[in-house]
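Quantities reported herein were computed from a predicted structural model and do not represent experimental measurements.
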Protein chains: 2
Amino acid sequence: MYAHAASTAVAKIDLGGLAICHGLEQRARSHVAAIATIQQAHEGATVFCEGDRADNVYEVASGMLRLYKALPDGRRQITGFLSAGGLLGLSHNDLYLYTAEAITEVNLRRYPRARFERLVDEVPGLARRLLTATSDELRAAQDQMLLLGRKTAMEKIASFLLMMDDLHRDGGDADIVRLPMRRNDVADYLGLTIETVSRTLAKLKRDRTIALPTHDSIDLCDRDRLEELAAGDGGMDS
Amino acid sequence: MYAHAASTAVAKIDLGGLAICHGLEQRARSHVAAIATIQQAHEGATVFCEGDRADNVYEVASGMLRLYKALPDGRRQITGFLSAGGLLGLSHNDLYLYTAEAITEVNLRRYPRARFERLVDEVPGLARRLLTATSDELRAAQDQMLLLGRKTAMEKIASFLLMMDDLHRDGGDADIVRLPMRRNDVADYLGLTIETVSRTLAKLKRDRTIALPTHDSIDLCDRDRLEELAAGDGGMDS
DNA sequence: CGAGTAATTGAACCCGCTCAACTATCGTGG
DNA sequence: CCACGATAGTTGAGCGGGTTCAATTACTCG
């Protein structure tokens, strides 16, 4: 689901390749495909807001989204970044529980919620697939709780870089990971400020653990070192 | 150690009342009940450890558990407290993703994982029920991410007290909420130290927002004030 | 090239942590 | 019943990692 080979090489979006149905039989797939419509969101656009009536479920076809919750005074916590195959809007509540915005140009498959829910009950295996997907998200959320509650800024950044590397290990350059999101998003994902993100990356750069060829790509020169740092085995040497 | 008052007036645990089957037809319920065995855990006991082979799925019949993840150096993040009806061990992975320990005396229903998984595919509606339960956990996890990443100590404590109140609003005394867990657990749940938890509770007590009749129960005198604080609308008056 | 936004860097501050001492509570056994 | 030790919780003093505020530099796109 998160792993997704050569994603950006897809000149035309595969409208039939519904990731939620992966592994289901053809008849089931067509049932689900039947209620899907396509929607685009340009960079920066809001797909839906926390608190809106949850009328649709979405699946990411291409591009990347940020999901976040906010406090009344504007403080944000990004709960996750979603790329091709990711599902959103799946609350069994009446309202969306978070806001979804496009980080890049995004293509979405939209499923009207009422009809989608009916399919979950009718299409054999679909509930099971969604359960797997949701369990995966929950696992990621629990990892993130450990990160937010107990890791230092350095450990957070190291964990984040390795995470992004896992996410789209897309056969490109070996150790180069692309960060489509801004520093602002990184900060709000890790529970830090943009200044701390910037300073921490600068320190990793000085230590030659990473290199920053451009602003939105990072070369993980010393992955072993990053893994030590991410686990809290950072050692005492500054 | 903890007397565990009126709530557990259940002399005999209801072995048939499987919460995961709530709403399923009788035949489905009996299928699930058929593979359940009972297990007890005394206070402080470990049910399973992060990284152990995930051989069983459990359901809490009574009592309370803490689930947590830990870093190599011992830092802990409690990802949740589970009471009657809660499920644990549901990873679709081979290994448990967190450690589960009993906070009070606990009664569990244990389901061998292989057989449980088979039932998920065979019993109609079961996957759907588990999806609902998991979605609920995910929602809670996302709220907790906002708390851990962006709330102040005071906001964390206020949110926590209201959460505990919601959790077992069991018709007992109007505003008295019982905290079965130790300060240590509260701290590791909120990403704070025990000292900060203690100091913050003391401040709320000085402000007459709460009262502490005993160590493990809290009187929410001014719930409105707590809700302001929890949302970050704390106001400027010390 | 120039305006606007994003990112970096520096300096001072502060919230929550660390370290330490003290107090309260509980369980045990004389 | 109290004495005792062990554990949990509270309180205080000082520190420090990360924030805040501010200035500078680097991009991006007309």
Trainee: I need the CZ-P distance between Arg150(A) and dG17(D), as an integer number of Å.
Mentor: 17 Å
Trainee: Using 4.0 Å as the upper bound for N to carboxylate O, is an ion pair formed by Lys203(A) and Asp207(A)?
Mentor: no
Trainee: With the threshold set at 4.0 Å, does a side-chain nitrogen-carboxylate oxygen contact exist between Arg139(B) and Glu137(A)?
Mentor: no
Trainee: Just jot down the salt bridge (Lys or Arg N to Asp or Glu O under 4.0 Å) partners of Arg53(B), sequence neighbours excluded, or say none.
Mentor: Asp55(B)
Trainee: Hey, is Asp185(A) close enough to Arg76(A) for a salt bridge, meaning N to O under 4.0 Å?
Mentor: yes
Trainee: Roughly, in whole Å, what's the span from CG in Leu147(A) to P in dG18(D)?
Mentor: 12 Å
Trainee: Does any part of the side chain of Leu204(B), heavy atoms only, come nearer than 4.5 Å to the side chain of Arg225(B), both counted from C-beta?
Mentor: no
Trainee: What is the distance, rounded to the nearest whole Å, between atom CG of Leu190(A) and atom C1' of dT19(D)?
Mentor: 15 Å
Trainee: Is it the case that the ring center of Tyr189(B) lies less than 6.0 angstrom away from the ring center of Phe81(B)?
Mentor: yes
Trainee: Step through it carefully: locate the ring centre of Tyr98(B), locate the ring centre of Tyr68(B), and say whether they are under 6.0 Å apart.
Mentor: no
Trainee: I'd like a table of atom pairs between the protein and nucleotides 13-15 of chain C - only N or O on both sides, under 3.5 Å - with the distance next to each one.
Mentor:
none

Trainee: What is the distance, rounded to the nearest whole Å, between atom NZ of Lys203(B) and atom C1' of dG9(D)?
Mentor: 19 Å
Trainee: With rounding to the nearest 0.5 angstrom, report the CD to CD1 distance, Glu155(B) to Ile157(B).
Mentor: 11.5 Å
Trainee: Report the distance from atom CD1 of Ile157(B) to atom P of dG9(D), rounded to the nearest whole Å.
Mentor: 13 Å
Trainee: Once each nucleotide of nucleotides 1-10 of chain C is scored for protein heavy atoms under 4.0 Å, what B/S/- sequence comes out, 5' to 3'?
Mentor: -----SSBBB
Trainee: Tell me: CG of Leu192(B) to C1' of dT18(C), nearest whole Å?
Mentor: 14 Å
